Amino acid sequence: MLKSMTGYGRYESSWNDIKLSVEIRAVNHRFCEIAVRLPRHLMFLEDNIKKRIQQKVQRGRIDVYMTFNTESLVKKSLKVDWELAKAYCLSVKEMRDRLDIEGEVSVQDMLGIQDLFQIEEELSDDEYTYRNVLLQAVDQATDELVKMRTLEGKALTKDLQMRISKMQGLLEQIKVQAPNVKDQYAKKLEGRVKEWLPDAIDADQSRLLTEVALFAEKADISEEITRLESHYDQFLHNLEQTEPVGRKLDFLIQEMNREMNTIGSKANDIDISQSVVELKSELEKLREQVQNVE
């Protein structure tokens, strides 16, 4: 079943009086790009989270927002850079000796030194316990995201099928008109010959037929029509597939556009040209919708 690339999923839970919230938002993107925003205590889980989501989402820009109250799990410690402190004191002593000035380094002075004191934090609880709780929450939020993408995918499928159906109808009009192009050209050519050479009533019919045959060969769009019909069938077939088909549909639209351009340039008929204009208008709408398909 077709899936949209846009969607939203959210999951909230609690564990040992700790509140956990996972929010996932997805928008259109050519590839699968996942950005995870985690509390710094949990950054080591980023790759695991991405791999978890990629099992269920193959395309789109995915933003993951996570809040996890870890204050009760965090153990803080103070670390002093003793080498820096020693270097600072020695430098002050050297400055005092060289410049012959008085003064001592106080604790207050030391507290103002940048990067001398650092607060280190580490999770004091069982890593594997909260790891599993967190990843399960990611799974639940991802499932909600997939549900929404699937629901939007159903609406997209109906719209795309409707547009293909309309384009098939326009192509049928072209098929009906195409055989008349040769006859219309033959009448037009014969009329011009009589207009330009009124005395040549018995014009060379063989030469006239040759000209008509050459035109018919150049204006023949039967192959383009057949290929376009095939592209329509492939497009509809892909709408029923279970795997992501967005890129395949992009390719088919490019091929449809190529055939439509060729039909428009070869047909040399105002009715067919008008149908091609309508076809390309519908194709552009189709292209815009396919940009939302996973």
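Note that the coordinates shown come from a computational prediction; the quantities given were computed from them, not determined experimentally.
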Do other residues, nucleotides or ligands put more than 12 heavy atoms under 6.0 Å from the CZ atom of Phe251? no
Side-chain heavy atoms nearer than 4.5 Å, only ILVMFWY residues, links allowed to pass through others: does that put Met148 and Ile34 together? no
With clusters defined by side-chain heavy atoms of hydrophobic residues (ILVMFWY) lying less than 4.5 Å apart, directly or transitively, does Met5 cluster with Val57? no
State, with a plain yes or no, whether a side-chain heavy atom of Phe235 is found less than 4.5 Å away from one of Glu255. no
Given Ser230 and Gln234, is the side chain to side chain donor-acceptor pair (under 3.5 Å) satisfied, shown in steps? CA-CA 6 Å; Ser230 175; Gln234 291 179 61; 3.1 Å; yes
Note: Val293 and Arg59 closest approach over all heavy atoms is O-NH1, 3.0 Å
With the threshold set at 4.0 Å, does a side-chain nitrogen-carboxylate oxygen contact exist between Arg149 and Glu152? no
Check Val290 against Gly246 and note the closest heavy-atom contact, atom names and distance. CG1-O, 4.0 Å
If you measure from NE2 on His231 to CG on Leu283, what distance do you get to the nearest 0.5 Å? 11.0 Å
Say whether Leu252 and Tyr232 are linked into one hydrophobic cluster, either directly or through other cluster members, by side-chain heavy-atom distances under 4.5 angstrom. yes
Does the salt bridge (charged side-chain N to carboxylate O under 4.0 Å, His left out) test come out yes or no for Lys285 and Glu288, once each step is laid out? CA-CA 5 Å; Lys285 296 174 184 177; Glu288 291 176 2; over 6 Å; no
Measure from the side-chain N and O atoms of Ser165 to the backbone N and O of Gln161, and report whether any donor-acceptor pair falls under 3.5 Å. no
Audit row: Met167, Met256, side chain to side chain contact (heavy atoms under 4.5 Å, CB included) steps and yes/no: CA-CA 11 Å; Met167 292 166 70; Met256 289 180 197; 4.2 Å; yes
Could you check whether any side-chain heavy atom of Leu145 comes within less than 4.5 Å of a side-chain heavy atom of Ile53, counting everything from C-beta outward? no
Quick check: do Arg10 and Glu144 have side-chain heavy atoms less than 4.5 Å from each other? no
Quick one: do Leu20 and Leu45 end up in the same hydrophobic cluster if we chain Ile, Leu, Val, Met, Phe, Trp and Tyr together by side-chain heavy atoms under 4.5 Å apart? yes
Checking side chain to side chain contact (heavy atoms under 4.5 Å, CB included) for the pair Ile272/Ile221: CA distance, chi angles, key distance, verdict? CA-CA 11 Å; Ile272 292 179; Ile221 57 174; 4.2 Å; yes
Return yes when atom CZ of Arg247 has more than 12 non-hydrogen atoms of other residues, nucleotides or ligands closer than 6.0 Å, and no otherwise. yes
Passes side chain to side chain contact (heavy atoms under 4.5 Å, CB included), Leu239 versus Leu249? Steps please. CA-CA 9 Å; Leu239 293 182; Leu249 299 182; 4.0 Å; yes
Steps toward salt bridge (charged side-chain N to carboxylate O under 4.0 Å, His left out) verdict (Arg163, Asp159): CA-CA 6 Å; Arg163 298 196 182 282; Asp159 184 77; 3.1 Å; yes
Derivation and outcome, side chain to side chain contact (heavy atoms under 4.5 Å, CB included), residues Ile24 and Ile62: CA-CA 7 Å; Ile24 304 179; Ile62 316 297; 3.5 Å; yes
Within a strict 4.5 Å, meaning less than it, do heavy atoms of the Arg25 and Tyr65 side chains meet? yes
Euclidean distance, Ile253 CD1 relative to Met260 CE, rounded to 0.5 Å: 9.5 Å
Member of Glu282, Glu278, Glu172 meeting the salt bridge (Lys or Arg N to Asp or Glu O under 4.0 Å) criterion with Lys166: Glu282
Would you tell me whether Gln177 and Ser275 have side-chain atoms, one donor and one acceptor, within less than 3.5 Å of each other? no
Look at atom NE2 of His29 and say whether more than 12 heavy atoms of other residues, nucleotides or ligands are closer to it than 6.0 Å. yes
Spacing of CZ belonging to Arg258 relative to CD1 belonging to Ile263, to within rounding of 0.5 Å: 13.0 Å
Ignoring hydrogens, what is the shortest heavy-atom contact between Gly264 and Ser273? Give both atom names and the distance. O-OG, 4.4 Å
With a 4.5 Å cut-off on side-chain heavy atoms, are Leu160 and Leu2 touching? yes
In sequence, state the C-alpha distance, the side-chain angles, and the governing distance for Arg61 and Asp63, and then conclude on salt bridge (charged side-chain N to carboxylate O under 4.0 Å, His left out). CA-CA 7 Å; Arg61 161 75 187 193; Asp63 288 301; 2.9 Å; yes
For residues Val27 and Leu151: do they belong to one hydrophobic cluster (side chain heavy atoms under 4.5 Å, members Ile, Leu, Val, Met, Phe, Trp, Tyr)? no
Would a 4.5 Å heavy-atom cut-off, applied to side chains only, mark Val22 and Thr142 as touching? no
When you compare the side chain of Glu259 with that of Ile225, does any pair of heavy atoms fall below 4.5 Å? no
Could you tell me the separation between the CD atom of Glu294 and the CD atom of Glu243, rounded to the nearest 0.5 Å? 10.5 Å
Please indicate whether Met162 has more than 12 foreign heavy atoms, meaning atoms of other residues, nucleotides or ligands, lying under 6.0 Å from its CE. yes
Around Glu284, counting heavy atoms of other residues, nucleotides and ligands shown, do more than 12 lie under 6.0 Å from its CD? yes
I'd like to know if the side chain of Ser281 and the backbone of Val277 have a donor-acceptor N/O pair within less than 3.5 Å. no
So CZ of Arg131 and CD1 of Ile49: to nearest 0.5 Å the spacing works out to 10.0 Å
Is it the case that atom CZ in Arg30 sees more than 12 heavy atoms from other parts of the structure closer than 6.0 Å? no
Using residues 82-94 as the side-chain source, report each donor-acceptor pair under 3.5 Å to any protein atom, sequence neighbours left out, with the distance given to one decimal.
{"residue": "Ser91", "atom": "OG", "partner": "Ala87", "partner atom": "O", "Å": "2.9"}
{"residue": "Glu94", "atom": "OE2", "partner": "Arg98", "partner atom": "NE", "Å": "3.2"}
{"residue": "Glu94", "atom": "OE2", "partner": "Arg98", "partner atom": "NH2", "Å": "2.8"}

How about Lys3 and Pro244: do any of their side-chain heavy atoms sit closer than 4.5 Å? no
So CG of Leu156 and CD of Gln291: to nearest 0.5 Å the spacing works out to 11.5 Å
